[in-house]
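Numbers here are sequence positions counted from 1. We count ligands from 1, going down the list as the structure has it; atoms in each ligand are counted the same way.
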Amino acid sequence: MHEFRYQQGELFCEGVSVEKLARRHGTPLYVYSRGTIESHFTRLNLALKPLDHMVCYAMKANSNLAVLSTLARLKAGFDIVSAGELYRVLRAGGDPSRCVFAGVGKTEDEIRFALKTGIYSFNVESEAELNRINRIGISMRKQAPVALRVNPNIEAHTHAKITTGTYENKFGIAYETIEGLYGRASRMAGIHVRGIQMHIGSQITTVAPFARAVRKMLPLVRMLRDRHQLEFFSIGGGIGIVYRPALESGRRMWWDPSRKRIRPAGAASLPLTIDLYARTLVPLLKPLGMRILLEPGRFIVGNAGILVTRVEYLKRTGRKNFVIVDAAMNDLIRPAFYDSYHQIVPLRQHPKSMAGMIKSDVVGPVCESGDYFAKDRPLVPVREGDYLSIMSAGAYGFAMASNYNTRPRPAEILVAGKTVKVGRKRETIAELVRGEAA
Ligand SMILES: *Cc1c(COP(=O)(O)O)cnc(C)c1O
């Protein structure tokens, strides 16, 4: 699934020692494997080959230009959520005519910029937004291509902060009102109704919610396709990845985030694979004869990146062992924000077995109790100055990083084979106060 492996006891990203990168570029440090990104994109593309399809990478997961240009070279489309992201696509050599623009709050300026650039479709999230896009289309003497985002009211069984496809969420337009709105949209002078879209949530780890949502949408999609000559159906993103690999117990186990427990991998609870996803959905979608769009973010980059950090201090209180590291919640907010699990491994493999593990809390230096990467986690014994790798940090890692506590954001490195590219330099403290006045 990814190209971070031990070679003679040392963690490598493809052909490069991660410790060498850490020494050369400092920590905290994001390291991405280009080969892993490419293989995820290519595998997904191949699995969907029976369909006329377009994979639009949801770039909010990781919008580094080096990552984008990697995908642009593979002719990826992009799912964007702001003018800034569209600017990044252009800077990375991406094709704007393969971009879809999502989000509930598109501003006038953003709509104008996207329409001028010639994107593939606006994914419209409300009637008010449709009216605004129509007005702007007319004023620019253009017909803005749109798809209405349908809220299928399907429970995705994922974390509450990343469930998007139920009526409790701000996203999309209620299933029951879609038909009337398509009628109105088709009569608007500044609008070209091009497709229909849905997205039910993120980090979905079984195929059932996808299948249920597609099945529920099919009659509506068929009817609107015939009535309005719709060209595409976007089934959104949300393909989950494995954050917690199989335990070393011999039995295949996996962490089910929806139930918050480890489950044995049986037929009924298979972790989602691309084959299973395609095997289930392609037969449902193929008879539509439409172009199918996908908007995966996490699946493409999640396991293609790690956050490397250095142990600063060991601290033992009455009950706990704290491993204080130089990365913090501002660098990777997922544990604090989504209660998410990240595997943590040393860059140099420890000879000790599971029995020698020490239950530890891995924490950062920020003054928040939420500033942790692991709690009560069996960890190999570490010392000051050792390096650790926080795995599966390629998606919603750097992209959600902030400067909280006036901490410069980490550098980002892209490895391809034995070559190393600095995708982004480490920020300096002086850069952090640029634009401020004392
Ligand atoms: C965030 C988002 C995605 C990507 O979700 P992943 O879980 O990263 O695949 C796709 N489409 C829309 C509309 C989104 O908001």
What I want to know is whether [X] and ligand 1 share at least one N or O pair that is separated by under 3.5 angstrom.
X      : result
Arg149 : no
Gly297 : yes
Asp79  : yes
Pro296 : no

Listed once per pair and sorted, the side chain to side chain donor-acceptor pair (under 3.5 Å) pairs that draw on residues 77-90, sequence neighbours left out:
Tyr87-Arg91
Suppose we call two aromatic rings close when their centres sit under 6.0 Å apart. Are His342 and Phe373 close by that rule?
no
Begin with the C-alpha distance, continue with both residues' side-chain angles, and end with the deciding distance and a verdict on ring pair (Phe, Tyr, Trp, His ring centres under 6.0 Å) for Phe12 and Phe4.
CA-CA 6 Å; Phe12 271 66; Phe4 295 93; over 10 Å; no
Between Asp331 and Ala328 (side chain of the first, backbone of the second, donor and acceptor by atom type, cut-off under 3.5 Å), is there such a pair?
yes
Taking Asn62 for its side chain and Asn64 for its backbone only, find out whether a donor-acceptor pair lies under 3.5 Å.
yes
If you take the nearest heavy atom of each of Lys60, Gln203, Met59, which one is closest to atom 3 (C) of ligand 1?
Lys60
Between [X] and [Y], is there a side-chain N and carboxylate O pair less than 4.0 Å apart?
X      : Y      : result
Glu108 : Arg135 : yes
Glu125 : Lys170 : no
Asp361 : Lys375 : no

Counting each atom of ligand 1 from 1 as listed, which ones have a heavy atom of [X] under 4.0 Å away?
X      : result
Arg298 : 6 (P), 8 (O), 9 (O)
Tyr396 : 1 (C), 4 (C), 5 (O), 6 (P), 8 (O)
Glu295 : 3 (C), 4 (C), 9 (O), 10 (C), 11 (N), 12 (C), 13 (C)
Ala58  : 3 (C), 4 (C), 10 (C)

Atom 7 (O) of ligand 1 sits nearest the protein heavy atom Ser202 OG, 2.3 Å
Would you say Ala61 contacts ligand 1, with heavy atoms under 4.0 Å as the rule?
no
